[in-house]
Structure formats: C-alpha cells, structure tokens
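A short write-up of the structure that comes next.
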Amino acid sequence: MEKKDRKRNHAAAGILLDLVLVWALFQYFNFPAYLLLFAAVCLGFVMKRTAKIKNRRLLLGCAVFSFLLSVSFLIGGKADAIQKTGFRVFRSDFVYLAALTAAFFFISAWAADWVLRHPIRLAGKNRFSPGTVWAACSVFLFLSWIPCLFVYYPGNISPDSLVCITQAAGRSGLSNWQPVFYILLIRPFLFFALSIGKSLNFGAALFLAFQAAAMAVMVGYLPCWLTRKGFPLWISAAAMAYFIFDPVFPMYAVTMWKDVPFGALMLLYVLNLFDIIKSRGEWLKNTRSFVWFLILNLLIAFLRNNGYYIIFVTLAVLAFLYRKQWKRLVPSFLAILVIVPVIQGPVYRVCGVARSPFAESVGIPLQQIGRTVATQGKITEEQKKFLNRLLPLDEIKKDYLPTISDPIKFDPAFNDDFLNKNKFGFLKVWGGMMIPNFKSYAEAYVLQTFGFWHVGTTNWVLHYGIADDPGMRENGLSMSNLGSLAGNRSSIQNAFDCLQKKIPLLSGIVNIGVLFWAAVFSACLLIIRKKAKFLAAYLPLLVLWGTLMAATPTYCEFRYMFAFALALPVVVILAFPLRRNIRPSGRAANSTGRA
C-alpha cells in the first residue's frame, strides 16, 4: 500500500512540475494558449522517459548544456531592453531561468538518450564506389545550384563584392581587407572577359560559375566520405537533399563572398581532422594525405583573415595529441605558421598590398568605448584627449549603434592613420576604461554578439542580385534578364522569407544560434560517450565562432558562420554512436561490433 501511495505521490508531483514548467514556458515565449495541453502532454512524456535514465554522465552533461542554453535565451531575449535600460531588466527573471533550465534539461536528456540508443550501422561495403559517388554528387549539386546564376545574372554582388571586383580588375589598389587570395582568384576571369571585349558583368558571371563548380566539388566530397566510411546510402541522400533544397546553398554558391569557398574548405578540414583522429594519427603518415592537409591549412589561412587563428589552434592541438610524431609534424606545422604571417606581412608590403585596417580587428572594443561615451561613463581627461584625436567624442556618441561598429569605423572623421600608429595606446585606453565602466562594457559586448548565440535572433541571410548603387553602375555591373528568368526572383525571395520567418522548426537551419547550439550539443554527446578526443574535429568551427565573439563587426551575420551550415550534416551524424556490421562466416554473420 505504501508503495502505491509513493507512486501516486510521485505521479502527482510530476504532473504538477509539468504544468508549472509548461505555464512558465508559455508565459516566457508567448506561445498561443491552444497549444498548452499538447505541450503539457509532450513534456510529461519526456519527463517520464527522463526519469528512467540512469546514466549520470548524460544527466550531468545535459544539466550543464541546459543551463548555458537557458542563460543564452534569457540574455539574448532581452537585447532590446538592454539597449535602453541595461542589465537591470533581469531582476525578476531568475524564476524563468530555473524553469527554462529544467525544461531544457528534460528535453535534452531525453534527446541524448534517444540518440545514444540508436547507433548508425556502418556497412562493410557499399554498392557504389566513393569516386563514383563524388563525381555524381558534384555534378548534381552544380546542376541544382547554377540556375540561380541565370536568374540573378551575373550573380549576387554586394558592396563588399564590388570592392573585390574593382581590386581584381586593377581599378583600385590591393588591400588585404578583402583577402588578396580571393581577389587573385577573381582576377583571371575579369581579365579574360575584358580581353575578349566583354564587360565586367561577363567576367563576374564566369567567376561565379567557377565558384559554384568548385563548391559543388568540395561539398560533393561529403557523400563520397560517407560512402568510404560505410555509412548507409540514405544518410548520403539526406545530406544531398539538405544541400539542394536549403535555399542558402544555391544562392551562396553564386554570391561573390570569400565566406563561401572558405566555408567549404572548413567542411573538408573537419572531415580530415576526423580521419586523423579516427586513425590515431596514422592518416598523417600517408605522404599524399599529409601534403593535402598542409595545403588545406594554407588555403584556410589565406582565404579569410581569421583563418590563421583557426589553423594555429588546430595545428597546436594536433602537435600535442600526436607528439610521438613530432619529427614529422612539428617542422611542417611550424613552417605553415611562419609562412602565412611572413607573406601577409613583409611580402605583401613589398608588393604594395595595403594591410587590413586595425579598426577591423577591434570592432568590439570600439563598441564598448562607444557605449561608455554614449551613456556618459567615467572617462579621464587623458583618455578623452586620446579618443578625441581618434574621433571627437560628440561624433562617437552620435555614431554609436549597439549592434554594429561600422558607423564609428567609417565616420569620415575617424582617424585610421592615428589608430594604426597608436595600437598600443588605443588598447591601453580601452583597458583603462574597463573597470570603471565594466557594466557598460558588458552590455556593449552582449549587444554586439548576441546574434551568434541566441536562438531567437535572426538577421538578413541572402543577398539578391546586384545592389542599386552608383559604384555598380560606374563599373558596368547590372542585372540582366536571361531567357526571361528574372521573373523567378520574387519567388525565390518569398520562399526564403517563408522559410526563415514562418516555419518555426525548419527555420532553424538558417539561424546562427540553432547551428551553434547544435554543434555544442553534438560535442556534449561526444563527451557523454567518452569520445572527447573527437572534439578536435570540431576545433575549426569553435575557433571560428570564438574569433567572431572576439572581433565581430556586427551582431548577427550568417555568412560569417556559413561553415556551421555546411558542417551541420557532419555535426548531426557524429552525435550518434557508430556500429560496424561484421560478417564472419556461419551463425555469427548477423552480429555487430563497434566502429
């Protein structure tokens, strides 16, 4: 009788907790009331399943994950209020923090348990050879993506793209603000177009066709890699469907941004790192693989200015993990890490390439100073004197926008030369203002970065065609209606707007916060499975995110995190345990073993 009473009491407590959590979630997120009963039933089911989990490692990992995710919701969801009143808006939100943490804990623990109980079965051999899969998928992706080039002919060209075009065409001096390597990739196509009497329009279209083909080959390697590892065919098909039907990929393939090929190289980097870790470093002993890996590091370092930090951390970790091979690895890795800054420094200077402005790397410090000035924080006379030489305080106050540093950096009165010559002085002033104005600094940091970790924040993702800009017209760049395909432009834009704003769950694939937390949850599952060594394969993505958290010029820019979108299939797949089908003779033919 006592046992029945205990069970009844537990059930009543569970129902009460379920109702309280659902009520708190609906209050916080303003969900429609007609979903209340459905949500209570679903959460009750998840809580019942979670109560049966005995894996303490899983429960602890999900508790930490849920707390961090809840903090991101709580802070990011109040960004608008923080702009006006600062952190005072959180005084009454600790109840919501507890409710969110509890709800996310039950959901994430149930999801983690489900994933761990459903391993992916790896086949010994697939019907198709990896090479055939690679070629077929590359061609199919290219044919699926290239129509966007004709719809938006000569492609998607933003103001940043125009800077690349004018430098590539020799109409302005080279600057590493837009990586020189990307400019040099564009240059032959523009020069060829001009040499045969065509316009820059035609040259830009040629380059974007080449970029789409290169992207198709690099992304098409993923199904090939999956085939080589023995993954079922349906997983490769699902990955292909993702790359074909998500509008971001066809549109980005024909958008002139360095972030596009950089993201594809990052995907290859993650796959190579998995191969290295899986083989316990043996993969690096193959000369061809090792040379390719070194080349891949160079491409990443030269294709985006934060690429060097990514390869620096990754190579340092690899050198530590496989230190027994130090005679082979360390000299090669050091050579890469020395060659890149030498070329981007002295060699570029000799060649007349202007360095990227220092202001580009201190966007967050500028924002923190800007908020301090705008809110009349504590600034000494010496600090005011320095800042006035950089940009008059009245201008800083007028230019400061909480979510983007461009108005300060690009103010006509902003003294770039002074900043470039006084980098240490700037950092000294910034550091000296930090303690007296810590609250303003923290608020400025949150407002400048929350789009990279808050699931509820979205911003523009795609650039459609050519901007109506005098610079575009001056350089002969204009959109054309090839084969009357221009009528499809509004349909593409409407379809993407619908995906991003009107489909609650599916819209996550174009949301930076969702992509980031998906990677974090996958990493958490690796730790739970005691496969923490494979976290090294996630390093490039995490360091990329870290560099944005340190120096992003704007609060939410999808293209900066495009690598996360490309790597999403890998992040999802690696979250699952892998089991290899073993086919010995006789009765044991149906047994399985761990991969």
Side-chain angles (χ1 to χ4, degrees), residues 72 75-90 158-160 162-163 177 257 259 306 356-379 383-384 386-416 418-419 426-427 429-430 433-434 437-463 467 469 500 511-513 545 547-561:
S72 77
I75 297 177
K78 296 279 188 157
D80 289 340
I82 292 173
Q83 293 185 31
K84 299 173 184 175
T85 61
F87 285 149
R88 285 177 293 172
V89 296
F90 298 114
S158 71
D160 281 355
L162 178 61
V163 174
W177 178 39
W257 284 336
D259 313 271
N306 59 350
S356 178
F358 181 64
E360 290 297 314
S361 60
V362 290
I364 289 178
L366 284 173
Q367 288 293 86
Q368 291 171 323
I369 290 172
R371 185 167 185 83
T372 301
V373 172
T375 56
Q376 298 180 340
K378 299 175 182 178
I379 310 175
Q383 291 165 347
K384 287 180 180 179
F386 182 93
L387 293 176
N388 273 315
R389 293 186 66 187
L390 180 64
L391 181 65
L393 293 180
D394 289 341
E395 290 296 314
I396 293 177
K397 185 175 182 179
K398 184 182 71 174
D399 291 341
Y400 172 71
L401 290 177
T403 57
I404 185 170
S405 60
D406 285 358
I408 292 177
K409 291 187 301 185
F410 297 135
D411 188 298
F414 188 84
N415 195 335
D416 264 310
F418 176 75
L419 179 61
F426 172 81
L427 294 176
V429 168
W430 168 73
M433 293 171 57
M434 182 182 297
N437 302 285
F438 187 79
K439 184 172 173 287
S440 293
Y441 269 45
E443 291 166 356
Y445 183 77
V446 166
L447 295 172
Q448 185 71 3
T449 63
F450 74 98
F452 294 99
W453 42 264
H454 179 234
V455 170
T457 298
T458 59
N459 194 17
W460 72 283
V461 175
L462 303 181
H463 183 82
D469 182 88
Q500 186 182 24
N511 180 278
I512 294 175
W545 181 81
T547 60
L548 293 173
M549 292 296 289
T552 177
T554 184
Y555 79 108
C556 185
E557 191 83 10
F558 188 88
R559 61 180 172 139
Y560 294 165
M561 294 273 282

By ring pair (Phe, Tyr, Trp, His ring centres under 6.0 Å), Phe426 pairs with (sequence neighbours left out) none

> Any donor-acceptor pair under 3.5 Å linking the side chain of Thr403 with the backbone of Gln448?
Replying inline: no

Shortest non-hydrogen pair, Ala551 vs Ser361, comes out as CB-O, 3.7 Å

Heavy atoms of Lys378 and Gln383 approach each other most closely as O-OE1, 4.4 Å

When rounded to the nearest 0.5 Å, the distance separating OH of Tyr441 from CD1 of Ile364 is 12.5 Å

Smallest heavy-atom separation, Ala374 atom then Tyr400 atom, equals CB-CD2, 3.9 Å

Those residues at least two apart in sequence (or on a different chain) that pass ring pair (Phe, Tyr, Trp, His ring centres under 6.0 Å) with Tyr560 are none

The ring pair (Phe, Tyr, Trp, His ring centres under 6.0 Å) partners of Phe386 (sequence neighbours excluded) come to Phe418

Can you check side-chain contact (heavy atoms from CB on, under 4.5 Å) on Phe414 and Ile408, steps first, answer last?
CA-CA 7 Å; Phe414 188 84; Ile408 292 177; 4.1 Å; yes

### Query
Is there side-chain contact between Thr552 and Glu557, with heavy atoms separated by less than 4.5 Å?
no

Note: Gln83 and Pro402 closest approach over all heavy atoms is OE1-CG, 3.7 Å

To the nearest 0.5 Å, atom CZ of Phe452 lies from atom CG of Leu548 at 5.0 Å

- prompt: Between Gln367 (side chain) and Tyr445 (backbone), is there a donor-acceptor pair under 3.5 Å?
  reply: no

d(Glu443 CD, Ile75 CD1) to nearest 0.5 Å is 11.5 Å

With a 3.5 Å cut-off and sequence neighbours excluded, list the donor-acceptor pairs that the side chains of residues 391-399 form with protein atoms.
unit_1	atom_1	unit_2	atom_2	d
Glu395	OE1	Lys398	NZ	3.3

Checklist entry - Does the side-chain contact (heavy atoms from CB on, under 4.5 Å) test come out yes or no for Leu366 and Trp430, once each step is laid out? => result CA-CA 8 Å; Leu366 284 173; Trp430 168 73; over 6 Å; no

The ring pair (Phe, Tyr, Trp, His ring centres under 6.0 Å) partners of Trp545 (sequence neighbours excluded) come to Phe516

Interatomic distance, CD1@Ile379 vs CD1@Ile369, rounded to 0.5 Å, equals 8.5 Å

| Counting heavy atoms not belonging to Phe438, are there more than 12 under 6.0 Å from its CZ? | no

Of all heavy-atom pairs linking Ser440 and Thr372, the shortest is CB-OG1, 3.9 Å

Practice prompt. Taking atom types as modelled, find out whether Asn306 and Thr547 have a side-chain donor-acceptor pair closer than 3.5 angstrom.
Written response: yes

Student check: side-chain heavy atoms of Leu390 and Asp416 closer than 4.5 Å: no

The side-chain contact (heavy atoms from CB on, under 4.5 Å) partners of Leu401 (sequence neighbours excluded) come to Ile404, Pro407

Heavy atoms of Met433 and Leu387 approach each other most closely as SD-CD1, 4.1 Å

Interatomic distance, CG@Asn511 vs NE2@His454, rounded to 0.5 Å, equals 9.0 Å

d(Cys556 SG, Phe450 CZ) to nearest 0.5 Å is 7.5 Å

